[in-house]
Amino acid sequence: MSAKAPSIAAPLLAWYDGHARSLPWRAPPGAAMPDPYRVWLSEVMLQQTQVATVKPYFERWVARWPDFASLAAADSADVMAAWAGLGYYARARNLLACARMVADRHGGTLPDTEAELRELPGLGTYTAAAIAAIAFGRRAVVVDANVERVVARLFAIETPLPAARIAIRDAAESITPQRRAGDFAQAMMDLGSTICTARAPRCLLCPLRGDCAAFAAGDPARLPVKAAKQPKPQRHGTIFWLERGHEVLMVRRPGKGMLGGMRALPTGPWGEAPTRLEGAPVGADWTVLEHEVSHAFTHFRLDCTLAVAAIDRHTDIGDAQWWPIDRIDSAGMPTLFAKAAAVFRSRK
DNA sequence: TAAACGTGGAC
DNA sequence: TGTCCAAGTTT
């Protein structure tokens, strides 16, 4: 532990004792430790996702599946639908796989070491360390985007991300205390999300101001330096709305790839140029709507043509799944298709 | 190492 | 409206 450790951990933990956010996955007042199931679930939901977005999903989730046993017994379709709108759907697939692994191989109890946690699906370096520290009180070096930012400023690390990750991890290790590592991790994250923010940090409220090299240098918001991002390419596709009576045709997307495993409306291929009616689920008298749906994913933008048709209520088109149109919101589709469904339903 | 992988809040 | 960015993991 470096000489800097006491000057960081002690004031940070003191600040945390007075300013910790009350969050549904944290231990209630008086409880020694939080429920590992809730810590695990919240940490997976919080991957690349803000607290305000996660809260309602978390509350619904624990009401429906309160522990590993109940989740392990759940149907995949129900789990994917419950995750709809939260994004990064591989998390939901891995979440169910992890719950079943915990139920089958670990007796329904999450392992309590960082190394064992790291072996479970969906748990990477960050999440395994976070669970080990927060749920089990083990000393672990927990580095998320908040910690990266706080540490880069505390130590005035000028190397651009992602190359700076090694130096940042070493610096984080040097200030992580032996005791209360879980509180320390959560304190760093609370500090990063409320005070040491990406833009316009509130340094005058910061308990670490006196130890911060970036504050001393005068421009903490400049750090961490990040590499330039690639522009997002534009892609085009078509979403098909096939009605049969009061129902609409739905599909389940392939298990891997974009929106993998999710219930969805049928689409054609997504290409460089508009694809019109290519890939339509059936030969039918398709009408193309004037209104398009645009959606921005992480690494490309998508403009979708919307095509609608109706077939006779007795027509059989194989293993199709038909969904009641007036209950389309309960289908649990990703946001792209929820947006498209709203347009289809409101058309004149 | 780099690309794939969602979404919504904040400004 | 556009851009940045967020409690990252997997391949």
Side-chain angles (χ1 to χ4, degrees), chain A residues 20-21 23-26 34 38-58 80 83-95 97-98 117-135 140-150 161-163 165-166 169 172 182 184-194 196-201 221 224-235 253-262 264 270 294-302 333-339:
Chain A
R21 289 180 290 177
L23 300 172
W25 44 86
R26 287 186 173 168
R38 295 165 74 93
V39 173
W40 163 76
L41 176 63
S42 67
E43 287 300 340
V44 174
M45 286 185 166
L46 286 162
Q47 289 168 4
Q48 294 284 282
T49 309
Q50 295 185 348
V51 165
T53 303
V54 165
K55 272 185 180 174
Y57 281 87
F58 179 87
M80 299 310 291
W83 199 273
L86 203 48
Y88 283 144
Y89 298 100
R91 293 186 294 172
R93 302 194 298 269
N94 285 329
L95 193 81
C98 183
L117 289 163
R118 184 66 183 78
E119 296 302 310
L120 293 169
L123 306 192
T125 306
Y126 160 78
T127 307
I131 295 172
I134 295 168
V141 181
V142 181
V143 182
D144 76 327
N146 288 299
V147 177
E148 281 183 355
R149 187 172 57 255
V150 171
L161 287 169
R165 297 241 155 88
I166 297 169
R169 202 270 177 197
F184 178 80
Q186 294 178 95
M188 289 285 278
M189 294 189 280
D190 276 16
L191 187 77
S193 61
T194 63
C196 194
T197 51
R199 287 176 288 198
V225 180
K226 295 194 173 182
K229 293 184 175 175
Q230 298 296 320
K232 289 183 182 181
Q234 180 73 56
R235 294 185 188 171
R253 296 181 59 83
K256 293 187 175 182
M258 280 297 292
L259 314 176
M262 297 299 289
W270 295 350
S294 296
H295 194 71
F297 294 109
T298 305
H299 53 297
F300 63 93
R301 298 174 182 284
L302 185 66
M333 295 190 294
T335 298
L336 167 67
F337 300 105
K339 286 159 74 171

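Residue numbers start from 1 in every chain, and the chains themselves are labelled A, B, ... in the order their sequence lines are given, proteins ahead of strands. Because the structure is predicted, anything quoted here is derived from the model rather than measured.
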Self-check item: A/Thr194: partners by side-chain contact (heavy atoms from CB on, under 4.5 Å), with sequence neighbours left out
Solution: A/Trp15, A/Arg21
Practice problem: Can you sort out the partners of A/Thr53 under side-chain contact (heavy atoms from CB on, under 4.5 Å), two or more places apart, ordered by chain and number? | Solution: A/Thr49, A/Gln50, A/Leu86
Quiz item: Atom CD1 of A/Ile134 and atom CE of A/Met189: how far apart are they, to the nearest 0.5 Å?
Solution: 4.5 Å
Answer with base, sugar-phosphate or nothing: what part of the nucleic acid does [X] contact at a heavy-atom distance below 4.0 Å?
{"X": "A/Ala200", "value": "nothing"}
{"X": "A/Leu259", "value": "sugar-phosphate"}
{"X": "A/Met258", "value": "sugar-phosphate"}
{"X": "A/Arg301", "value": "sugar-phosphate"}
{"X": "A/Gly85", "value": "sugar-phosphate"}

Self-check item: Nucleotide interval of DNA chain B bounded by contacts with chain A (heavy-atom cut-off, under 4.0 Å)
Solution: B/dA4 to B/dA10
Quiz item: What interatomic distance, in whole Å, is found between C1' of B/dC5 and the corresponding atom of C/dC5?
Solution: 15 Å
Exercise. Provide the distance between the two P atoms, one in C/dA7 and one in B/dC11, to the nearest whole Å.
Key: 14 Å
Please check this pair: side chain of [X] against backbone of [Y], looking for a donor-acceptor N/O pair closer than 3.5 Å.
{"X": "A/Arg91", "Y": "A/Met45", "answer": "yes"}
{"X": "A/Arg169", "Y": "A/Val143", "answer": "no"}
{"X": "A/Arg149", "Y": "A/Gly192", "answer": "yes"}

Self-check item: side chain to side chain donor-acceptor pair (under 3.5 Å) pairs, two or more places apart, involving residues 119-128 of chain A
Solution: A/Glu43-A/Tyr126, A/Gln47-A/Thr127
Quiz item: Going 5' to 3' along nucleotides 4-11 of chain C, which nucleotides have protein heavy atoms under 4.0 Å from the base (write B), which only from the sugar-phosphate (write S), and which from neither (write -)?
Solution: BSBBBSS-
Self-check item: Ring centres under 6.0 angstrom apart (A/His295, A/Phe297)
Solution: yes
Practice problem: Identify, with sequence neighbours excluded, every residue that meets ring-ring contact (aromatic ring centres under 6.0 Å, His included) alongside A/Trp25. | Solution: A/Phe58
Self-check item: Toward the 5' end of DNA chain B, by each residue's nearest nucleotide, A/Pro162 or A/Gly87
Solution: A/Pro162
